[in-house]
Amino acid sequence: MSESATESTTPQAGEPTGQPASAASAPADDAPLGPAGEKALSEWKQRARAAERTAKEHAARLQEIDDLDKTELQKANEALTKTQERIVAMTERAVRAEVKALASTAFADPSDAAAFLNVSEFVSDDGDVDSEGIEKALADLLKRKPHLGKTAAPPSFDGGARSTAAKPTSMTDLIRKQAGVA
């Protein structure tokens with residue numbers, strides 16, 4: 001007998017078998033879990049939360065260990081980088097707010113204006129917001145995409161001002177009028 005015919009192909013731990021999962025292991029539909037299933041799900045959620053807390057604690061401890069090896073200059077540079085990132089984020093948020101405020105008068109949805117404009121273009125080197133530049137860009141955007149603007153009030157189809165109808169005339173009134181007795 002040859003060796004290849006007698007070898008077994010059992011997978012090692014953690015290796016996929018290459019065969020599809022049996023129908024018994026896959027749920028056929030979204031049937032309710034039942035009390036045992038709910039209990040198991042709750043237990044797994046608790047385990048996941050505990051693992052998340054542990055991971056955060058380990059990450060904090062690892063950061064402390066990494067910080068021990070850093071010089072004061074490296075720590076200061078990291079703090080500066082984080083601060084600069086926050087400043088950029090806050091500046092962009094301020095510009096986006098300015099764009100929305102200026103767009104609220106002419107745009108149907110002011111957040112559309114903020115989405116179509118590059119907000120970093122409207123910040124000066126000093127960090128000031130260029131309101132005039134925003135107004136020009138909004139006007140240009142409305143010219144290019146007029147469907148973003150507010151629509152005028154729909155026309156009134158009521159036919160004009162209403163007036164009360166005249167008193168209906170009866171046949172007796174018509175005869176009197178013709179006879180000149182009215």
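For this chain, numbers begin at 1 and follow the sequence in order. What's counted below: heavy atoms across the whole structure, side chains too, no hydrogens, waters or symmetry copies.
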Review point. Would Lys136 and Asp140 pass as an ion pair if we require N to O under 4.0 Å?
Key: no
Exercise for review: Determine the minimum heavy-atom distance between Thr169 and Asp173, stating which atoms define it.
Suggested key: CA-OD2, 4.4 Å
Review point. Would you say the side-chain atoms of Ser120 and Glu92 include a donor-acceptor pair closer than 3.5 Å?
Key: no
**Study point:** Ala137 to Phe122 - nearest heavy-atom pair and separation
**Key:** CB-CZ, 3.5 Å
Check your understanding: Okay, side chain of Thr91, backbone of Ile87: is any donor-acceptor separation there less than 3.5 Å?
Key -> yes
Study note, to complete from the structure: So CG of Asn77 and CD of Glu72: to nearest 0.5 Å the spacing works out to 11.5 Å
Point to revise | Main-chain N/O of Ser104 paired to Lys150 side chain as donor or acceptor, under 3.5 Å | key: yes
Check your understanding: What are the two closest heavy atoms between Ala106 and Leu142, and how far apart are they?
Key -> CB-CD1, 3.6 Å
Review point. What pair of heavy atoms forms the shortest contact from Ala113 to Leu138, and how long is it?
Key: CB-CD2, 3.6 Å
Practice item. For atom NZ of Lys75, decide whether the heavy atoms of other residues, nucleotides or ligands shown that lie under 6.0 angstrom number more than 12. Key: yes
Check your understanding: When rounded to the nearest 0.5 angstrom, what distance separates CG in Leu33 from CD in Glu38?
Key -> 5.0 Å
Exercise for review: Return yes if a side-chain donor-acceptor contact under 3.5 Å exists between Ser111 and Asp109, otherwise no.
Suggested key: yes
Review point. If you round to the nearest 0.5 Å, how far is OG1 of Thr71 from CD of Gln74?
Key: 4.0 Å
Check your understanding: Roughly how far apart are Thr105 OG1 and Glu135 CD, rounded to 0.5 Å?
Key -> 8.5 Å
Check your understanding: Could you walk me through whether Lys145 and Phe116 pass the side-chain contact (heavy atoms from CB on, under 4.5 Å) check?
Key -> CA-CA 10 Å; Lys145 299 184 182 285; Phe116 281 104; 3.7 Å; yes
Exercise for review: Taking only Lys NZ, Arg NE, NH1 and NH2, and the carboxylate oxygens of Asp or Glu, determine whether Glu64 and Arg61 approach each other closer than 4.0 Å.
Suggested key: yes
Review point. Any chance CD of Gln178 has more than 12 other-residue heavy atoms, nucleotides or ligands included, within less than 6.0 Å?
Key: no
Exercise for review: Would you mind checking if Glu57 and Arg53 are paired as a salt bridge, meaning a charged N to carboxylate O distance below 4.0 Å?
Suggested key: no
Check your understanding: Roughly how far, to the nearest 0.5 Å, is the NZ atom of Lys177 from the OG1 atom of Thr172?
Key -> 14.5 Å
**Study point:** Stepwise side-chain contact (heavy atoms from CB on, under 4.5 Å) check, Asp130 with Val123
**Key:** CA-CA 6 Å; Asp130 181 17; Val123 180; over 6 Å; no
Check your understanding: What's the spacing between Glu78 CD and Thr83 OG1 if we round to 0.5 Å?
Key -> 11.5 Å
